[in-house]
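Here the structure comes first, spelled out in structure tokens, and everything after it is commentary.
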Protein chains: 2
Amino acid sequence: MSSTVSKPTAAEPIKVALLGCGTVGTEVVRLLHEQADDLAARVGAPVELTGIAVRRPNKHRDVPAELLTTDAAALVARADVDVVVEVIGGIEPVRTLLVDALSAGKSVVTANKALLAENGGELFTAADDSGADLYFEAAVAGAIPLLRPLRESLAGDRITRVMGIVNGTTNYILSAMEATGSGYAEALEEASRLGYAEADPTADVDGFDAAAKAAILASIAFHTRVTAADVHREGISAVTAADIAAARSLGRTVKLLAICERVTDAGGDEAVSVRVHPAMIPKSHPLAGVGGAFNAVFVEADAAGQLMFYGQGAGGAPTASAVLGDLVAVARNRVASGRGPRESAYAELPVRPMGQTETAYHISLDVADQPGVLTQVAAVFAEHGVSIAAVRQEGRDHEPSASLVVVTHAAPDAALRSTVDKVAGLPVVREVVSVMRVEGEEQ
Amino acid sequence: MSSTVSKPTAAEPIKVALLGCGTVGTEVVRLLHEQADDLAARVGAPVELTGIAVRRPNKHRDVPAELLTTDAAALVARADVDVVVEVIGGIEPVRTLLVDALSAGKSVVTANKALLAENGGELFTAADDSGADLYFEAAVAGAIPLLRPLRESLAGDRITRVMGIVNGTTNYILSAMEATGSGYAEALEEASRLGYAEADPTADVDGFDAAAKAAILASIAFHTRVTAADVHREGISAVTAADIAAARSLGRTVKLLAICERVTDAGGDEAVSVRVHPAMIPKSHPLAGVGGAFNAVFVEADAAGQLMFYGQGAGGAPTASAVLGDLVAVARNRVASGRGPRESAYAELPVRPMGQTETAYHISLDVADQPGVLTQVAAVFAEHGVSIAAVRQEGRDHEPSASLVVVTHAAPDAALRSTVDKVAGLPVVREVVSVMRVEGEEQ
């Protein structure tokens, strides 16, 4: 192939429309202003704000009033807009606005995880049809450079696993439960009081936020379109102080994990498994030490081995940093008449249902302290084809009950669930104290 | 600006010349072969090896014989070569080969840290003149995606600090000294025996390797050309078991760090400080837990806050993963008639000499156990304008000596050195047991 790359000559400014001006948007405006000279030098042309679409212009005293408009569609359609930066969130009207922008050949930078996890394919198709760029580093793990490394740095490798703490609110709550021994409700209340949880924490605590991010991560890692609906999702509201205590007694800690795996069936066919659920991980695992509102993502690839990315997963400034990084990239591409990487979904791997996905369980039982209990319990596991990795049975002084902890080897999740149901019904089992998946062990 | 991005149409193969076929090169050949279909799908065109330049073709039984040549210059000059991948290492003849390739408009992917730290400017100029790509992720921290995040993800942010463990050999040796209490010589011998240190370990243990990487990191982080000669360099051969013990007694550990800082003088002028030296860091610091042959780099930026990147810093497969990621990127750019980010050295910040760089010292002394010793020692610090952060003096049973540990606040390195020299000469000081800089503390 011949090299026909043209050198950048124009110092014509790159014109940016900003959609939304909340915490992140305000930081984007501030950074664009404060770092104007640096950005121009890095891009090879000035980067200018053409307009900012907001719902209530009188609420935004800290940004130039002449840039504000309530008509987002008209702003996106303006002929002098090269790039649209979207930090509104949600599906509509954003979906329509961004598809229109991309169809018109305007590059889009977005932090909208829900939209990407729901309608990513439509956005990518619009981008490809017009040759526009679609960048979205800020949608997953805030300031942590994660999507670019997965999309680009590891483009020559075969990613087998992405496992991460991608939601700061739930990580804060679980860290607090671990530190204080408190229950879920109490820790959530404290998190709300300190501003780490929203007034309606559903999106965070029920795992919707993490599931959207998992869908995006799996799509990129495995070159396959994965939507939020493909993600098995369990939140943290069922995590008890007993779960945390059980984990601690075994040198483990409880984290809400987004897990994306490349799996192979007996016939050699590949599939992907994508799930969000709380799990126990060993204290020695690199993710175990990630506390409070931080995020971290652990990646495994055939040639690269194990990698970890760590940083602030949310907040105005960190998210704005990721948005600005993307903005510089798409602006550079404009200046060089090039474009960034396109969607890569050629592999089209099927998504394996959760029931068939292999996981390992930690089960803590309160059982009658009498002979034959372990035999009865173990028989249920064997019946379901679930192999036991470790057992710990301990009597309690002056009580007719004992604690029985079973950790399994990996087995299909459906078999594990049936096993637990059956075990719970055994007359010798007084209570199922804790059931939780185990991740990050050397298998 | 109008959008005139052309869509990729050609499935013409991207032709690659490989220079060097050692541990990394062999892995590159293997991955190119094994993942040919995936790479073609990700690039949008097949990626083909045109030739492999080696010194002794009969030594390479594991690669296709018809691709081997001893004439690297002729291979680079071939009209059907689009991309040159260099994994030979060293300055010449590589420098000439790569400048020739870039000048001819061929994209270059290299893992050559020494060359980049020495002659990076020349290579970038050649790339810019022809519009070719120059990628070098594998040159720093092996498989860890680090340069792309710094060059691209953080392009809209202001990086203030990059601090990392970027040499696996020295980290292995220091980890072994910490674990076993052994001295430097013994730990080095063990590392050599196990293959973690080369027969001539100079480049690693004297910090040359880390210094080259520091120069590359500083150049990218601060948009300023920094060469290896600008880097203050101290290796680990002077680190003693006493240093390690002193660190441990204070809840610290000793690491060889590459540190790149953006500094501001009293007049508000910015400069960069780039240095490689062993330092004590608190056990609670994210870098403290990075053991053995792993690498990790801690990055601080104004908006993004603190980030950490962790993974395997060396080895054939991990390094090849980074090379392949770059190869996919430059090949994609060819297919899309675009190009990647150019050198960004517009800031041209001066490099602050080490003597003027502010550091903090940990000094462990063996002193006479008599009244007035602390007063005399403290007076020397005050004389040099060095403020003391913490002091610990402990007598020893049945001995006429005491242990005196002083940790300073940050002060110019030259003042700290003079202080240590003067203190060492005090009659009440029997021995300077350990002197080491302290990093990663909350100031």
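Keep in mind it's a predicted model, so treat the numbers as computed, not measured. So that the names make sense, note that chain A is the first sequence line, chain B the second, and so on, each numbered from 1.
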Interatomic distance, CG@A:Leu307 vs CG@B:Asn295, rounded to 0.5 Å, equals 11.0 Å
Under 4.5 Å to a heavy atom of chain A? For B:Leu39 that would be side chain
Heaviest contributor of heavy-atom pairs below 4.5 Å to chain A, chosen from B:Leu31, B:Leu327, B:Asp38, is B:Asp38
Assert top hit (heavy-atom pairs under 4.5 Å, partner chain A, pool B:Ala41, B:Ala304, B:Pro149) equals B:Ala304
Heavy-atom closest pair (A:Pro341 atom, B:Arg332 atom, distance to 0.1 Å) is CB-NH1, 3.3 Å
Shortest non-hydrogen pair, B:Ala155 vs A:Val328, comes out as CB-CG1, 3.6 Å
(request) Answer whether the closest heavy-atom distance between the side chains of A:Arg42 and B:Tyr346 falls below 4.5 Å. (result) yes
Counting heavy-atom pairs under 4.5 angstrom with chain B, the leader among A:Gln312, A:Arg30, A:His223 is A:His223
Whatever's closer than 4.5 Å to a heavy atom in chain A on B:Glu152 counts as both
Honestly, the part of B:Phe294 sitting under 4.5 Å from a heavy atom of chain A is side chain
Would you mind writing out the side-chain donor-acceptor pairs for residues 136-148 of chain A within the sub-3.5 Å range, not counting sequence neighbours?
residue	atom	partner	partner atom	Å
A:Glu137	OE1	A:Leu147	N	3.3
A:Glu137	OE1	A:Arg148	N	2.9
A:Glu137	OE2	A:Leu146	N	2.9
A:Glu137	OE2	A:Leu147	N	2.9
A:Arg148	NH1	B:Ser153	OG	2.9
A:Arg148	NH2	A:Asp326	OD1	3.1

Under 4.5 Å to a heavy atom of chain B? For A:Gln35 that would be side chain
The salt bridge (charged side-chain N to carboxylate O under 4.0 Å, His left out) partners of B:Arg151 (sequence neighbours excluded) come to none
Pair count under 4.5 Å, heavy atoms only, with chain A: among B:Ala303, B:Pro318, B:Gly315, highest is B:Ala303
Okay, B:Phe309 and chain A: the region with an atom under 4.5 Å from a heavy atom over there is both
Comparing A:Gly311, A:Ala317, A:Ala347, A:Gly340 against chain B, the one with the most heavy-atom pairs below 4.5 Å turns out to be A:Ala317
